[in-house]
Amino acid sequence: MKTIILCFFLAFCSCAIAQTRNVSTKDFISGEGYWKGTLTYLDYSSGKPFSMPADVVLRTTTKGMVIFSYSYPNEPKANGNDTMYISADGSMIDGAKVVDRSVMEDGAIKIVTDKEGADGNEGKKAVIRHYYIIGKSIFQSRKEVRFEGTEKWIKRNEYLFAR
């Protein structure tokens, strides 16, 4: 009897863990509104990081979209909008597989996605990984790449916002 109960418990835990990889726009609701921060990106030409002020207004929709309205105080010509699409089953963001969704100690939600693609000035094949941390006082979006044939992850860019 104990073995049967243990099997049911393990099966339940396995299902619960698998479900934590699904995301929805609800995961981004605490991040709605105005954020002030920075964008830091790796300039592949020089190989050096560059930082600049950045602001964003984050909005969610009921249609599986998260809308980002970016503004750059020192480069207003770069201002623009970006829309993130979450699949109906919550397993994908912008065509990238959700590989982790977890709740951090402070209640913020961390989401990680992976996708095969190309990056860099030469368009080399790479795994592209995005990290999102959404909380009441922090919003972070980071892109890392691992080029084919290497094990090293390179931080391509990072938005770090607070309010």
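The model shown is predicted, which means the values in this text are computed figures rather than measured ones. No hydrogens, no waters, no symmetry mates; every other heavy atom, side chains included, goes into these values.
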pair T40-L160: side-chain heavy atoms closer than 4.5 Å: no
Quick one, K125 and E116 - any side-chain contact, counting heavy atoms below 4.5 Å? no
To the nearest 0.5 Å, what is the distance between [atom1] on [X] and [atom2] on [Y]?
X    : Y    : atom1 : atom2 : answer
S51  : N157 : OG    : CG    : 11.0 Å
I109 : I133 : CD1   : CD1   : 11.5 Å
R163 : L58  : CZ    : CG    : 8.0 Å
I86  : F28  : CD1   : CZ    : 5.0 Å

Any side-chain donor near an acceptor of the partner, E32 and T60, under 3.5 Å: yes
How close do [X] and [Y] get, counting heavy atoms only, and between which atoms?
X    : Y    : answer
P73  : P53  : CD-O, 3.6 Å
A118 : G123 : CB-O, 3.5 Å
I128 : G117 : CD1-CA, 4.1 Å
G135 : A108 : CA-CB, 3.9 Å
S30  : I134 : OG-CG2, 3.7 Å
A96  : K115 : CB-CB, 3.6 Å

Under 3.5 Å donor-acceptor, R156 side chain and L42 backbone: yes
Extract all donor-acceptor atom pairs below 3.5 Å that involve side chains of residues 143-152 and protein atoms in other chains or at least two apart in sequence.
residue, atom, partner, partner atom, Å
K143, NZ, D119, OD1, 3.1
E144, OE2, R142, NE, 3.0
E144, OE2, R142, NH2, 3.4
T150, OG1, F147, O, 2.7

Can you sort out the partners of Y41 under ring-ring contact (aromatic ring centres under 6.0 Å, His included), two or more places apart, ordered by chain and number? F50
Applying ring-ring contact (aromatic ring centres under 6.0 Å, His included) to Y159 and not counting sequence neighbours gives Y70, F161
[X] and [Y]: same hydrophobic cluster, using ILVMFWY side-chain contacts below 4.5 Å?
X    : Y    : result
M104 : I138 : yes
W35  : Y72  : yes
F139 : M52  : yes
M84  : L39  : yes

List in chain and number order the residues that pass side chain to side chain donor-acceptor pair (under 3.5 Å) with D55, two or more places apart in sequence or in another chain; answer none if no residue qualifies. Y34
Under a 4.0 Å threshold between the charged nitrogen and the carboxylate oxygen, would D100 count as salt-bridged to R21? no
Taking 4.0 angstrom as the limit, do D43 and K48 come out as a salt bridge? no
Mind checking who shares a hydrophobic cluster with V99, ILVMFWY linked at side-chain heavy-atom distances under 4.5 Å? V112, Y131
Which residue pairs pass the side chain to side chain donor-acceptor pair (under 3.5 Å) test with at least one member in residues 81-93, sequence neighbours excluded? S69-N81, S87-D89, D89-S91
How far apart are the C-alpha atoms of W153 and R129, what are their side-chain angles, what is the distance that settles it, and do they pass the side chain to side chain contact (heavy atoms under 4.5 Å, CB included) test? CA-CA 9 Å; W153 287 94; R129 177 171 286 169; 3.5 Å; yes
Are E158 and Q140 close enough, and set up right, to give a side chain to side chain contact (heavy atoms under 4.5 Å, CB included), and what steps lead you there? CA-CA 7 Å; E158 178 176 52; Q140 177 184 8; 2.4 Å; yes
Evaluation steps, side chain to side chain contact (heavy atoms under 4.5 Å, CB included), between T62 and T25: CA-CA 7 Å; T62 57; T25 54; over 6 Å; no
